[in-house]
Amino acid sequence: MEDLFEQLETTLALATEDAQYWDPSLDIVVEILGARGALFPATDPFFRGMWMAGTRNMKDALTSYLSDGWFKNDPREAVLKRMMEKGHACDHDVFPDRARKDQIPIYRDYLYPLNFGVSYCVRIITPNGYWALAIHFDNDHPEISPADAILIKRIQAMFAKATTRADELAHKRIATFAQFFKGTESEVFVLDVDGKACFSINSDGKLQSQTRMNHLLPEEVSEDIVAEIRELCVSDPNLSLSRAFQFNTDRNNTNVLVIQIPPSLRHFFMHFKVCAIRTECSVATGLKHTQLRENYGLTASEIATVDLLVDGNTPNMISDILSLKVSTVRQRLKQIFEKVQVNSQVELIGFHNRL
């Protein structure tokens with residue numbers, strides 16, 4: 001048994017950085033508890049994914065669970081509720097009378113024929129909040145024993161440790177990535193998947209307390225801009241979307257660059273999908289931005305690209321920062337060249353310096 005727990009600890013350590021190791025982690029949990037398989041589905045509708053351990057029968061069963069409509073009004077929802085209260089629960093906690101349970105259609109017609117008639121539901125913390133780990137046993141498996149409860153608590157503690165480490169790694173990477181934009185004077189924020197919760201993150205990668213959205217954006221900003229940010233939050237990260245905004249409030253010029261966090265930087269369970277970098281500009285920089293916008297028709301995203309180029313970043317570096325293809329950055333630079341009537345990056349930097 002101790003060998004299995006050592007394997008689980010090693011595998012979870014790998015899983016903090018690489019999603020492919022979650023399936024092997026579940027395989028070990030199944031072996032520890034002597035189960036037939038396990039499912040670790042996302043509870044967040046914005047998160048797409050499921051981890052699974054078990055036989056081909058279980059994978060086929062999951063397909064029929066959805067296609068045959070067994071997910072509708074599943075009476076095991078009561079087990080989930082008990083699990084959230086106690087930390088773990090079993091079918092027997094909700095359906096102690098086997099005779100009555102035998103008459104419930106989902107057990108009688110779906111689970112029993114597959115020999116998946118008993119499941120433990122375990123509350124597991126992830127960077128995306130609490131999820132339910134469903135561990136499946138055969139039809140006649142007994143309820144959770146005191147010995148099983150000890151094993152479950154030990155497993156929960158190991159997943160919690162892995163989650164803490166995954167958070168630390170992701171936040172550190174995001175902070176390092178974000179500081180690359182404008183140096184350490186910038187404020188860095190992360191927004192949750194639907195753009196409603198906003199947190200600041202310090203230079204050490206530590207998530208600060210929840211921040212009001214108007215600390216990132218001026219209070220008078222329109223709902224249209226907030227809607228654009230929410231669109232970024234829920235969009236496919238492979239689209240590499242970003243938005244740049246500029247504001248002039250209380251005689252201060254502020255740049256806000258909002259970008260999807262590259263999947264390589266954040267943990268795959270992370271609820272935070274978007275990084276925002278808020279930078280107070282000098283008066284001179286603010287005036288240059290105004291000229292570029294009003295006199296030459298540059299968009300906020302184009303101005304952000306110019307700033308990055310002037311700060312010494314190559315098109316390849318800019319593509320990494322903005323999660324864009326290099327070809328997209330080069331095309332954007334060509335559009336900027338046309339608007340300000342220059343022919344090269346060197347001429348663009350010289351033009352910017354003369355403004």
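Because only heavy atoms are used, hydrogens play no part in the values below, and waters and symmetry mates are left out as well, while side chains stay in. Everything quoted here is computed from the prediction, not taken from an experiment. We're numbering straight along the sequence, starting at 1.
Hydrophobic clustering keeps Tyr21 apart from Trp131 (ILVMFWY residues linked when any side-chain heavy atoms are closer than 4.5 Å, directly or through intermediates). There is no path of hydrophobic side-chain contacts, each under 4.5 Å, that joins Leu309 to Val346. Taking hydrophobic clusters as Ile, Leu, Val, Met, Phe, Trp and Tyr residues chained together by side-chain heavy-atom distances below 4.5 Å, Ile336 does not share a cluster with Val326. By the criterion of side-chain heavy atoms lying less than 4.5 angstrom apart, applied directly or through intervening Ile, Leu, Val, Met, Phe, Trp or Tyr residues, Phe40 is grouped together with Leu151 in one hydrophobic cluster. Linking ILVMFWY side-chain heavy atoms closer than 4.5 Å, directly or via other members, places Trp22 and Leu4 in a single hydrophobic cluster.
Residue Lys339 places its NZ atom among more than 12 non-hydrogen atoms of other residues, nucleotides or ligands, all under 6.0 Å distant. Atom CD of Glu9 has 12 or fewer heavy atoms from other residues, nucleotides or ligands within 6.0 Å. Within 6.0 Å of CD on Gln335 lie more than 12 heavy atoms contributed by other residues, nucleotides or ligands.
Minimum interatomic distance between Ala38 and Leu133 (heavy atoms only, all atoms of both residues): CB-CD1, 4.2 Å. The two atoms that bring Ile144 and Ala149 nearest to each other are CG2-N, 3.9 Å, heavy atoms only. Residues Asn139 and Gly117 share a closest heavy-atom pair of OD1-N, 2.8 Å. Pairing each heavy atom of Phe337 with each of Leu348, the nearest pair is CE2-CD2, 3.9 Å. When all heavy atoms are compared, the tightest approach of Pro142 to Val118 is O-CG1, 4.5 Å. Here the closest heavy-atom approach between residue Ser119 and residue Asp91 is recorded as N-OD1, 2.5 Å.
Relative orientation of the Tyr107 and Phe95 rings is perpendicular, given thresholds of 30° and 60° on the angle between their planes.
At a threshold of 4.5 Å between non-hydrogen side-chain atoms, the residues Ile135 and Val29 count as touching. Leu33 places a side-chain heavy atom less than 4.5 Å from the side chain of Phe137. Side-chain contact between Pro315 and Leu333 is present, with heavy atoms from C-beta onward closer than 4.5 Å. Side-chain contact between His352 and Asp307: present, with at least one pair of heavy atoms (C-beta onward) separated by less than 4.5 Å. Leu114 is not listed as a side-chain neighbour of Tyr65, based on a closest heavy-atom distance of 4.5 Å or more. Between His136 and Leu39 there is a side-chain heavy-atom pair separated by less than 4.5 Å. Looking at heavy atoms from C-beta onward, Phe189 lies out of side-chain contact with Val256 at the 4.5 angstrom threshold. Residues Arg76 and Leu111 meet the side-chain proximity criterion, which asks for heavy atoms closer than 4.5 Å.
Note on Arg154 versus Glu2: salt bridge recorded, some NZ/NE/NH1/NH2 to OD/OE distance being below 4.0 Å. For the pair Arg98 and Asp140, the salt-bridge criterion is met [side-chain N within less than 4.0 Å of a carboxylate O].
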#### Entry: CA sep, side-chain torsions, deciding dist, call: Tyr112, Asp102, side-chain contact (heavy atoms from CB on, under 4.5 Å)
CA-CA 9 Å; Tyr112 284 165; Asp102 291 348; 3.0 Å; yes
### Message
Phe5 vs Ile28, test: side-chain contact (heavy atoms from CB on, under 4.5 Å). Steps then yes/no.
### Response
CA-CA 8 Å; Phe5 275 106; Ile28 298 170; over 6 Å; no
### Task
Walk me through it: do Gln156 and Ile152 pass the test side-chain contact (heavy atoms from CB on, under 4.5 Å)?
CA-CA 6 Å; Gln156 288 171 317; Ile152 288 171; 3.9 Å; yes
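Judged by distance alone, the side chain of Thr16 and the main-chain N or O of Ala13 form a donor-acceptor pair under 3.5 Å. Judged by distance alone, the side chain of His92 and the main-chain N or O of His141 form a donor-acceptor pair under 3.5 Å. Under a 3.5 Å cut-off, the side chain of Thr163 and the backbone N or O of Ile125 do form a donor-acceptor pair. Side chain of Asp138 to main chain of Asn115: no donor-acceptor pair is present (N/O by atom type, distance under 3.5 Å, no hydrogens or angles).
A donor atom on one side chain and an acceptor atom on the other are found under 3.5 Å apart for Arg332 and Thr305. No donor-acceptor contact under 3.5 angstrom links the side chains of Tyr110 and Asp68, judged on distance only.
The distance between the ring centers of Phe351 and Tyr296 falls below 6.0 angstrom.
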Less than 3.5 Å apart, which donor and acceptor atoms pair up between the side chains of residues 81-90 and the rest of the protein, not counting sequence neighbours?
none

